[in-house]
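Below: one structure, written as structure tokens.
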Amino acid sequence: QVQLAQSGGGLVQAGESLRLACEVSGSIFEINGMAWYRQAPGKPREFVAGSSSAGGTNYADSVKGRFTISRDNAKDESYLQMNMLKIEDTAVYYCYMNIRTVSGENTRNYWGQGTRVTVSS
């Protein structure tokens with residue numbers, strides 16, 4: 001059974017940095033898209049950053065220039081480096097991957113368990 005396990009997160013002060021990681025467990029064939037989303041209290045889940053299998057990346061305007069998404073295809077891992085954190089970055093962060101578990105079969109969407117990031121003043 002394929003699962004995504006997240007690590008990182010925690011409590012930091014504004015201006016500091018954090019790195020989130022997301023690791024795949026279970027047997028897979030390939031990972032297509034990877035992304036990070038977040039959900040602040042009382043708000044819907046929103047897109048933060050994405051990475052395609054071709055290596056392209058895109059970011060929400062609110063995090064451009066501060067956050068960097070990266071991937072290690074050999075380890076089946078995704079990372080989100082968050083610099084210059086702001087109070088408004090406080091949220092639960094979720095990793096997402098679109099994975100093909102068996103060659104020739106359709107891909108499926110998988111989500112991590114979520115990790116809390118709290119930025120204080």
> Is Tyr96 close to Tyr37 at the side-chain level, that is, under 4.5 Å between some pair of heavy atoms?
Replying inline: yes
>> With heavy-atom distances below 4.5 Å as the criterion, would you say the side chains of Tyr93 and Leu18 are in contact?
In response: no
What is the distance from atom [atom1] of [X] to atom [atom2] of [Y], rounded to the nearest 0.5 Å?
| X | Y | atom1 | atom2 | value |
| --- | --- | --- | --- | --- |
| Ser53 | Asn32 | OG | CG | 5.0 Å |
| Glu77 | Ile31 | CD | CD1 | 9.5 Å |
| Met82 | Ile69 | CE | CD1 | 12.0 Å |
| Ile99 | Thr107 | CD1 | OG1 | 9.5 Å |
| Ser25 | Gln3 | OG | CD | 5.0 Å |
| Tyr59 | Leu80 | OH | CG | 8.0 Å |

What closest approach, in Å, do [X] and [Y] show between heavy atoms, and which atom pair accounts for it?
| X | Y | value |
| --- | --- | --- |
| Cys95 | Leu4 | SG-CD1, 3.9 Å |
| Ser120 | Ile87 | C-CG1, 4.2 Å |
| Glu105 | Thr101 | OE1-OG1, 4.3 Å |
| Asp76 | Met97 | O-CE, 4.2 Å |
| Val24 | Ile28 | CG1-CG2, 4.0 Å |

> Looking only at side chains, do Gln81 and Tyr79 share a donor and an acceptor under 3.5 Å apart?
Replying inline: no
> Does Leu20 belong to the same Ile/Leu/Val/Met/Phe/Trp/Tyr cluster as Val48, with side-chain heavy atoms less than 4.5 Å apart forming each link?
Replying inline: yes
> For the hydrophobic clusters of this structure (ILVMFWY residues joined by side-chain heavy atoms under 4.5 Å, transitively), does one cluster hold both Tyr110 and Phe29?
Replying inline: no
>> Filter on side-chain hydrogen bond (donor to acceptor under 3.5 Å, both in side chains), then keep only pairs touching residues 14-23, sequence neighbours left out; what's left?
In response: Ser17-Asn83
Can any side-chain N or O of [X] pair as donor or acceptor with the backbone N or O of [Y] at less than 3.5 Å?
| X | Y | answer |
| --- | --- | --- |
| Thr118 | Thr90 | no |
| Glu88 | Ser62 | no |
| Ser78 | Arg71 | no |

> Taking the six-membered ring for Trp, is the centroid-to-centroid distance between Trp36 and Phe67 below 6.0 Å?
Replying inline: no
>> Taking salt bridge (charged side-chain N to carboxylate O under 4.0 Å, His left out) as the definition, give me every residue that meets it alongside Lys64, ordered by chain and number, with sequence neighbours left out.
In response: Asp61
>> Can you list everything that forms a salt bridge (charged side-chain N to carboxylate O under 4.0 Å, His left out) with Arg100? Sequence neighbours excluded, please.
In response: Glu30
>> Could you check whether Arg45 makes a cation-pi contact with Tyr94, meaning its NZ or CZ is under 6.0 Å from the centre of the six-membered ring and within 45° of the ring axis?
In response: yes
>> Between Arg38 and Asp89, does any NZ, NE, NH1 or NH2 come within less than 4.0 Å of an OD or OE carboxylate oxygen?
In response: yes
